[in-house]
Protein chains: 2
Amino acid sequence: MTTLPSPRQLRYLVALAEHGHFGRAASACAVTQSTLSAGIIALEQQLDAALLERTGAKRPVFTPLGLEIVARARTALSALEAVAETAAAAREPLSGPLRLGIIPTIGPFLLPRLMPRLRDRFPRLKLWLREDLTERLVEALEGGRLDLLLLALPCACGDAETEPLGMDPFLAALPQDHRLAARERVPIAVLGSERLLLLEDGHCLREHALDACSLPGAAAGEPFAATSLYTLIQMVASGLGVTLVPRLAVRGGVLAGAPVAVRPLDREVGRTLGLAWRARSPRAAEFRGLAPTIAEAIAAE
Amino acid sequence: MTTLPSPRQLRYLVALAEHGHFGRAASACAVTQSTLSAGIIALEQQLDAALLERTGAKRPVFTPLGLEIVARARTALSALEAVAETAAAAREPLSGPLRLGIIPTIGPFLLPRLMPRLRDRFPRLKLWLREDLTERLVEALEGGRLDLLLLALPCACGDAETEPLGMDPFLAALPQDHRLAARERVPIAVLGSERLLLLEDGHCLREHALDACSLPGAAAGEPFAATSLYTLIQMVASGLGVTLVPRLAVRGGVLAGAPVAVRPLDREVGRTLGLAWRARSPRAAEFRGLAPTIAEAIAAE
DNA sequence: CGTAGTCATCGGATCATCCGATGGAAATTT
DNA sequence: AAATTTCCATCGGATGATCCGATGACTACG
């Protein structure tokens, strides 16, 4: 059985790598510079490895091995944190800080109904919200800067674990005087011959809507891409074309009195909303426990 | 910044889970029972979590949370070990114990040429060999019981990292008096109408050979599956049918004087031999350094 | 009722870690 | 060129964590 490096010393090393300065790294660890310096030296002795180039340079310079060790130290430290977090999560589930990422085509429309429910059922939960495109949210999730994502499935979310929450059907949004507005339901087939407006690239809603209509991506005229669902609706109201909006957004008030008619499609298509989290997160069980409440908010009128 | 659990106490906990007995776990950790007991209690207090059911039972019983914590403690400990191992590997690369798994259609034929080369170039390397089917080797690799695999690609080796070492072409093996033995090269197309003998299920060589001939798996008569390349050759010698053998095995002496003719095929097909290791292994760089030597042994006459 | 087995607790010794002060080298200023 | 500043390494002494051996408490079993 080999002797394991001390987590404290690993923390010193990681802090030193982050700050590039003994003194600042020391105060970040709430110890004196001498302690941190001695800790690094002791670590180098225990590992029998040169981590820093001791050339008397102004700033500490890491050897290649040193950088490698720093990377492994980071993962070891977060694995240790996971032990403590698992215990903390079991102590009082669904409490404490939770960093939630939401895509822009869900957030503004769902949160007004979701937040009161969450405050009601999990009063000790402290939600930190961040709204961004799927791709960036997934990056932040994998980087550990977010704990949980609320987005539209399927998505390229790597090795994250996902849980579907419910269907969000698409509705056709038309200018009020459009000839199709007279019909009870809009056939998907005719959309291909209309001027179909979409969100700009990067919004998953764009791809999901095209998929739903079985249209190729190129069919969408690029100059008419909107930057948000609100502006998209305004464009429809101006008679520039038609679009698909998620029912969630309509219920969330995206129309806001604009002269736009929404009609169901002749075949129910839509997107599936879902949660995503790091598969190895100590709080995975908690997140699953959150799902019913969110699903309820999605299904609510 | 949260307070991290002590690795020592985590080790106590894991040992207790493994031995199910305070005294034996303690001696496994080279401490007294009292130390281990106190360590577990201190860990429970620091985590503020009940890990054991303290019912005065004969054997320690873990709570569900306790088992979860044990699992996370294991990964945290191995992450810490990885730090130390990275330093050790950098100190003297390609030395120390290396647990190598090899599939049966490579091992007996390559090792006689490989081992002297390894002893020559890496005299401090201590090889532990295990021969088994691909599937079990991959299991052992992921379970940490093996460090490195030598097998035929492509294989379902999960998230392991692989490095190709070289091509091992297939040759047709025929009874010496077989009519095809008179030809310089054997056309792949005619093999479908011959009685094709293969290794039994589980050997990757079986699938790779069928793939090479673009034959469906069902085409192989099950009653004629052999358990090793040696017995397969004996079956060919007895006139039961024909087969494909890797050139590596022929050069390794699999024929052993049997009345069997080997002929190249009309199109060069074969399998790719390669190495596989856990992507996060601290010794990944070492393993890559091993590849040229093995490739040389494969390519050698 | 006594014995064996097992885990928890206690007192005292030991060792790792920490801090403040100081040393010494390089960069910067005067 | 000398003085000053900045920065990292080292030292001595205080503190706290960890360890051990002995002992206590509980259960199981004959």
Side-chain angles (χ1 to χ4, degrees), chain A residues 1-63 66 70 73 77 80 83-84, chain B residues 1-63 66 70 73 77 80 83-84:
Chain A
M1 182 134 352
T2 64
T3 166
L4 263 45
S6 143
R8 194 185 339 250
Q9 291 169 355
L10 295 186
R11 197 143 65 177
Y12 294 165
L13 186 72
V14 170
L16 181 61
E18 273 169 8
H19 293 88
H21 186 285
F22 277 71
R24 278 187 282 281
S27 57
C29 295
V31 294
T32 59
Q33 172 267 326
S34 70
T35 296
L36 189 129
S37 174
I40 301 278
I41 291 172
L43 182 62
E44 285 189 285
Q45 286 174 350
Q46 284 170 26
L47 293 179
D48 189 13
L51 306 181
L52 295 176
E53 295 181 1
R54 309 273 180 185
T55 57
K58 203 82 178 154
R59 320 209 99 221
V61 178
F62 282 80
T63 64
V70 165
L77 289 176
L80 284 173
V83 176
Chain B
M1 186 145 332
T2 66
T3 166
L4 262 47
S6 142
R8 195 188 335 250
Q9 291 170 353
L10 294 186
R11 195 144 68 179
Y12 294 164
L13 185 73
V14 169
L16 181 61
E18 272 169 9
H19 294 87
H21 185 285
F22 277 71
R24 278 188 281 280
S27 57
C29 296
V31 296
T32 59
Q33 173 266 325
S34 71
T35 296
L36 189 128
S37 175
I40 300 279
I41 291 174
L43 183 63
E44 285 189 285
Q45 286 174 350
Q46 284 170 26
L47 293 179
D48 189 13
L51 306 181
L52 294 176
E53 296 181 2
R54 309 272 179 185
T55 57
K58 205 87 174 143
R59 325 210 24 139
V61 178
F62 282 80
T63 64
V70 166
L77 287 176
L80 284 173
V83 176

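Chain letters run A, B, ... following the sequence lines, proteins first, then strands; residues in each count from 1.
- Taking 4.0 angstrom as the limit, A/Arg8 places none of its side-chain polar atoms (N or O) nearer than this to OP1 or OP2 of C/dA16.
- Of the candidates D/dT18, D/dT10, D/dC19, the closest approach to any side-chain atom of B/Tyr12 belongs to D/dC19.
- When rounded to the nearest whole Å, the span between CD1 of B/Ile40 and P of D/dA17 equals 18 Å.
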Pairs under 3.5 angstrom only: tabulate donor-acceptor contacts from the side chains of residues 15-24 of chain A to other protein residues two or more places apart or in another chain.
| residue | atom | partner | partner atom | Å |
| --- | --- | --- | --- | --- |
| A/His19 | ND1 | A/Ala15 | O | 3.0 |
| A/His21 | ND1 | A/Gly23 | N | 3.0 |
| A/His21 | ND1 | A/Arg24 | N | 3.0 |

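- Under the side chain to side chain donor-acceptor pair (under 3.5 Å) criterion, B/Ser6 pairs with no residue, sequence neighbours left out.
- As rounded to whole Å, 13 Å separates atom P of D/dC8 from atom NE2 of A/His19.
- Rounded to whole angstrom, the span from the CG atom of B/Leu51 across to the P atom of C/dC7 amounts to 16 Å.
- Distance from the side chain of B/Gln33 is smallest for C/dC7 among the nucleotides D/dC8, C/dC7, C/dT17.
- B/Ser37 meets the side chain to side chain donor-acceptor pair (under 3.5 Å) test with no other residue; sequence neighbours excluded.
- Computed from coordinates, the B/Leu36 CG to D/dC20 P distance equals 10 Å when rounded to whole Å.
- Rounded to whole angstrom, the span from the CZ atom of B/Arg24 across to the C1' atom of C/dG5 amounts to 11 Å.
- The side chain of A/His21 lies closest to D/dC7, out of D/dC7, C/dC19, C/dC7.
- Note: CG (B/Leu43) to P (D/dT18) measures 11 Å, nearest angstrom.
- Shortest non-hydrogen contact noted between B/Ala73 and B/Val14 is CB-CG2, 3.9 Å.
- Checked against C/dT17, C/dT9, D/dC8, the side chain of A/Phe22 finds its nearest nucleotide in D/dC8.
- For A/Thr35, a side-chain nitrogen or oxygen approaches OP1 or OP2 of C/dC19 to under 4.0 Å.
- If you check D/dT18, C/dG20, C/dC7 against the side chain of A/Thr32, the one that comes closest is C/dG20.
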Would you list the protein and nucleotides 10-15 of chain C atom pairs, both N or O, that sit under 3.5 Å from each other?
none

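- Here B/Gly39 lies out of heavy-atom contact (under 4.0 Å) with every strand.
- Separating the CD1 atom in B/Ile41 from the CD atom in B/Gln9 is a distance of 11.0 Å, to the nearest 0.5 Å.
- For B/Ser27, there are no side chain to side chain donor-acceptor pair (under 3.5 Å) partners two or more places apart in sequence or in a different chain.
- As judged by a 4.0 angstrom heavy-atom cut-off over every strand, A/Ala30 is placed among residues touching the sugar-phosphate backbone only.
- For B/Glu44, the side chain to side chain donor-acceptor pair (under 3.5 Å) test picks out B/Arg54, with sequence neighbours left out.
- Rounding to whole angstrom units, CG of residue A/Leu52 and P of D/dC7 are separated by 16 Å.
- If you take CD of B/Gln9 and P of D/dT18, they are 6 Å apart, rounded to a whole angstrom.
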